[in-house]
Amino acid sequence: MNLNQFRDITRYPSAVVALVIILILVGVSIYTVIALPYQESVTKWRGGDMVWQDNPRGVPPTWINLVRSKKLPETIVYRSTDEGVEKQITPLDKELTDIFMSFQFEYTADEFPQEIILFFTSTYEKKAPYISLIWKTPDGREISIGDFAIEKTYTRRISQDDQLTKKLGAPAEVALFADPNSEEPAPLKGTYTLEIAGITFEPESAFEVKSIIFGKVYGMAGTDHLRRDLMLGLLWGTPVALAFGLLAAVITSVLTMTIAATGAWFGGWVDGVIQRVTEINMMLPVLPILIMIGVFYSRSLWVILGFVILLSIFGASIKSFRAIFMQEREAGYIQAAQAYGASNGRIILRYLIPRIIPVLIPSLVVLIPSFVFLEASLAVLGLGDPVMPTWGKIINDARTNGALLKGQYYWVLEPSFMLMLTGFSFAMLGFALDRIFNPRLRGM
Amino acid sequence: MAQLAQHDLKRQAQLDTLKRIGKYTIIRFFILFFAVAVGIYLTILVANMGGYVDEIQRAEIRENIAIQISMNPEYKKLSTEERKQLQEKLVVLEEERLGLNQPFIIRSFNYLKDALTLNLGRAKNMTSDSGSRQVKLIILERLPATVLLFGTSFLINFIASLFLALMLSRRYGSFWDRFVVALSPTSAAPGWFYGIFLIVIFAAWLRVLPYGGMVDAPPPEDPLKYALSVAEHMVLPLLALAISSIFLSIYSWRTFFLIYSSEDYVEMAKAKGLTDRTIERRYILRPTLPTIVTNFALSAIAVWLGAIIFETVFNWPGIGRVYFQAIGLFDTAVIVGTTVLYAYLLAITVFLLDIVYAFIDPRVKIG
């Protein structure tokens, strides 16, 4: 085992591809950990409606428009607090003030938006400001879509206004955008204007508004049922999955190997005990025990990781490692080491273990995906970590919210694709390493 | 005379071998039984949360009895004090009936005894579809569904991969050979993972196959239609299991056969001019038979380990679903019952393999 063997990797194109993918995944992990601090991301991910209220609910990523003939609309947001927004403020008398805002936007999509919501905030002491909304379509129609008083914080869901729906004959997001001359319901493209006219009844009274016309696409990854940006979950899933897989595989392999070496070297009752524990471990149903731990004790990723390692160190690979060590034990150089008075620890660590590394490294790399998928499996059963976003949890969210029945395939496919990339790249690399380190397999 | 002595010697040797195998078998039996017992005991500890499930049960008993007393008009006349006494008395009686008055450590060994003697007892919260609380019935009712799905898949995959591996080992380096080698990393993902993809494609998008379940609802009356409906529901699960295992197993069998077919005695047989079929049968399959048998038996047992998740994804009404429901309902009797079944099946398989090995493997014979 030397560096030249690692250089042999370049002879296997699949291993090179796998290495590139792994490096990209590692790069994504490092970027995520640095650019999106953990605590902040977790707070955001669990933040609920307050954090994500500007996003549409359960929509595919923006790039889906590249493959669609009927383009889906993007979300249009207007904030009266933004710079460049004109407000006409005309005092009518000592107390009354007229505040007028108009939002203009181009609508070019081929489908209707998801919904229209206006979020108001206002300041007043006794009498609340009164608002009138006028909708102007590109063909010059003017539609009054509501007259109402607002509270200090007030949300006007235009799409869920039953009276308006009755008046327009269709939900607002369809009726306001529909082309009156088209037989099939289709949106009219062009410049729309939303006019917000308000009257305040106190000298100090004022209001601000955020109006959102929710689209049907969002960002690079789309959103879920809680309007969360899936990109955050997908990005954070990468370091979590890699850390879980790597830690579990490395710790398990090293411990298993050490235990096997100890047993093979000392023999006698030590070996006997190790063999018996391995047999007992074989009788234990690992996955059900992990599920029980998840349900009864803790769903924390690190607790689960601990139990995964605990249940795997006495795994079946002890037997195959032991067989190799038993053979190696009789080798001449070991007897030479004993003759010069090397200690047991020295023989195990310096002579036995290095011998097994060619077998260990490929099996370690192949183990990584199995642990990554184990974590995902638990998450798909609803036993994912309660705090961290992981790929498995996104799949679980999608399944429990009927994503497949509603046609929200992106929601399942994106995390699955990430899992697949991780799983296949490590498996491909592991298989290539196996062939490099075990010349018997070379050329086969 | 000399012939007789030789005959005696031979008989003596045979007797010795039998003795050794007998001793070995008995030792293995006890070791495996011990392993099963410890494994089940650990499961009992985990499934009872180290006794915490008892606390839940005690609280439930207390609540139920309190409700019973308050609902019963006969007790209305009793004073508060008398009612309290009555409640305490009933709680103690109920706890004694369920054996909750003993400390958990003693009961855990009672559980172990019951489990090992297959006295699986009654479920706390779950019932079988026919309404029974017998754990045995709950398990037996769901077992056929799991055996049907995973048994079919296992047999197809095992036999197909052996055949294909033999074919590929004959012409390695060919297109199909490289194809299988290139696809072998697909086994890094478990069956449920491909299941999700297949459901997306065939159920959600193309709408040609069902999302999950075992039969149409309502189930067809006609047995033939029933069987067809089950078969239709099995297509995607079988496909998912096949994708997740078959390429790697073809690959590893093929490599295994290749290593054996590069042995000198195979070269010799080739030089003698024997046909490929004869070489395969006599010189490759025969020496590899013990490995094939072992692999067959152990993977037949291991195949339904992933059943919990797989059956959840496909909504397949098998033992894995029961197990998951039992965990969610803290129904330790069902959890332990299923684990016992698994541990016994595994132990019996390992034990039988050990005996078979003792007869074929000369190293065991010599001792």
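In this text the structure is predicted, and so the values were computed from the model without any measurement. Every chain is numbered from 1, with letters handed out A, B, ... down the list of sequences.
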Novice: Chain A heavy atoms under 4.5 Å from Tyr194(B): which part of the residue, side chain, backbone, both or neither?
Specialist: side chain
Novice: Do Ile308(B) and Pro288(A) come close enough that some side-chain heavy atom pair is under 4.5 Å?
Specialist: yes
Novice: As an exercise: rank Leu32(B), Ile196(B), Leu42(B), Thr186(B) by heavy-atom pairs under 4.5 Å with chain A and give me the winner.
Specialist: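 Sorted descending by pairs with chain A, the first entry is Thr186(B).
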Novice: What's the separation between atom CD1 in Ile280(A) and atom CD1 in Ile40(B), rounded to the nearest 0.5 Å?
Specialist: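 Answer for the CD1-CD1 pair, Ile280(A) versus Ile40(B), is 11.5 Å.
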Novice: So what's closer than 4.5 Å to chain A heavy atoms on Tyr344(B): side chain, backbone, both or neither?
Specialist: neither
Novice: So, do Arg435(A) and Thr255(B) sit near enough that their side-chain heavy atoms are less than 4.5 Å apart?
Specialist: no
Novice: How long is the span from the CG atom in Leu183(B) to the CZ atom in Phe424(A), to the nearest 0.5 Å?
Specialist: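 CZ of Phe424(A) is found 8.5 Å from CG of Leu183(B).
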Novice: Grab the two heavy atoms, one from Trp192(B) and one from Ser377(A), that are nearest each other, plus how far apart they are.
Specialist: NE1-OG, 2.9 Å
Novice: Start with the C-alpha distance between Thr43(B) and Met292(A), add both sets of side-chain angles, then the distance that settles side chain to side chain contact (heavy atoms under 4.5 Å, CB included), and finish with yes or no.
Specialist: CA-CA 9 Å; Thr43(B) 314; Met292(A) 281 191 256; 3.9 Å; yes
Novice: Name the option with the most non-hydrogen atom pairs under 4.5 Å to chain A; the candidates are Phe34(B), Phe193(B), Tyr342(B), Phe324(B).
Specialist: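 When all of Phe34(B), Phe193(B), Tyr342(B), Phe324(B) are compared, Phe193(B) has the most.
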Novice: Should Val36(B) and Glu279(A) be marked as a side chain to side chain contact (heavy atoms under 4.5 Å, CB included) after you check the CA-CA gap, both sets of side-chain angles, and the distance that decides it?
Specialist: CA-CA 9 Å; Val36(B) 169; Glu279(A) 270 155 14; over 6 Å; no
Novice: For Ser184(B), is it the side chain, the backbone, both or neither that has a heavy atom under 4.5 Å from a heavy atom of chain A?
Specialist: both
Novice: So for Val313(B), is it side chain, backbone, both, or neither that comes closer than 4.5 Å to the heavy atoms of chain A?
Specialist: both
Novice: Among Val366(A), Val412(A), Leu413(A), single out the residue with the greatest number of heavy-atom pairs under 4.5 Å to chain B.
Specialist: Leu413(A)
Novice: If you draw a 6.0 Å radius around CD in Gln327(A), do more than 12 non-hydrogen atoms from other residues or ligands fall strictly inside?
Specialist: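 Counting neighbours around CD of Gln327(A), 12 or fewer heavy atoms of other residues, nucleotides or ligands fall under 6.0 Å, so no.
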Novice: Only pairs of heavy atoms separated by less than 4.5 Å count here; which of Leu284(A), Leu381(A), Leu378(A) has the most with chain B?
Specialist: Leu381(A)
Novice: Decide yes or no on side chain to side chain contact (heavy atoms under 4.5 Å, CB included) for Ile199(B) and Leu404(A), but give the supporting numbers first.
Specialist: CA-CA 8 Å; Ile199(B) 291 174; Leu404(A) 294 183; 3.7 Å; yes
Novice: Pick one of side chain, backbone, both or neither for Ser416(A), based on which atoms fall under 4.5 Å of a heavy atom in chain B.
Specialist: both
Novice: Relative to chain B, which segment of Ala403(A) carries a heavy atom at a distance below 4.5 Å: side chain, backbone, both, or neither?
Specialist: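 Contact with chain B: none, neither part.
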Novice: What closest approach, in Å, do Ala188(B) and Gly423(A) show between heavy atoms, and which atom pair accounts for it?
Specialist: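 Closest approach of Ala188(B) to Gly423(A), heavy atoms only: CB-O, 3.8 Å.
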Novice: Taking the six-membered ring for Trp, are Tyr251(B) and Phe431(A) parallel (under 30°), tilted (30 to 60°) or perpendicular (over 60°)?
Specialist: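 Taking Phe431(A) first and then Tyr251(B), their aromatic rings lie parallel (interplane angle under 30°).
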Novice: Determine, step by step, whether Leu405(A) and Tyr211(B) satisfy the side chain to side chain contact (heavy atoms under 4.5 Å, CB included) criterion, reporting the C-alpha distance in whole Å, the side-chain angles of both residues, the deciding distance to 0.1 Å, and the verdict.
Specialist: CA-CA 9 Å; Leu405(A) 298 168; Tyr211(B) 280 90; 3.4 Å; yes
Novice: Are more than 12 heavy atoms from other residues, nucleotides or ligands located less than 6.0 Å from atom CZ of Phe175(B)?
Specialist: yes
Novice: What part of Leu45(B) lies closer than 4.5 angstrom to a heavy atom of chain A: side chain, backbone, both or neither?
Specialist: backbone
Novice: Counting only non-hydrogen atoms closer than 4.5 Å, does Ile395(A) touch chain B with its backbone (N, CA, C, O), its side chain (CB onward), both, or neither?
Specialist: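 Only the side chain of Ile395(A) comes within 4.5 Å of chain B.
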Novice: Which one, Ala37(B), Ala326(B), Pro190(B), leads in non-hydrogen pairs under 4.5 Å with chain A?
Specialist: Pro190(B)
Novice: Non-hydrogen atoms of chain B under 4.5 Å away: do they reach the side chain of Tyr409(A), the backbone, both or neither?
Specialist: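 The side chain, not the backbone.
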Novice: Just wondering, do Val380(A) and Thr312(B) contact through their side chains at under 4.5 Å, heavy atoms?
Specialist: no
Novice: Against chain B, label Leu287(A) side chain, backbone, both or neither, depending on which of its atoms sit under 4.5 Å from a heavy atom there.
Specialist: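 Contact with chain B: side chain only.
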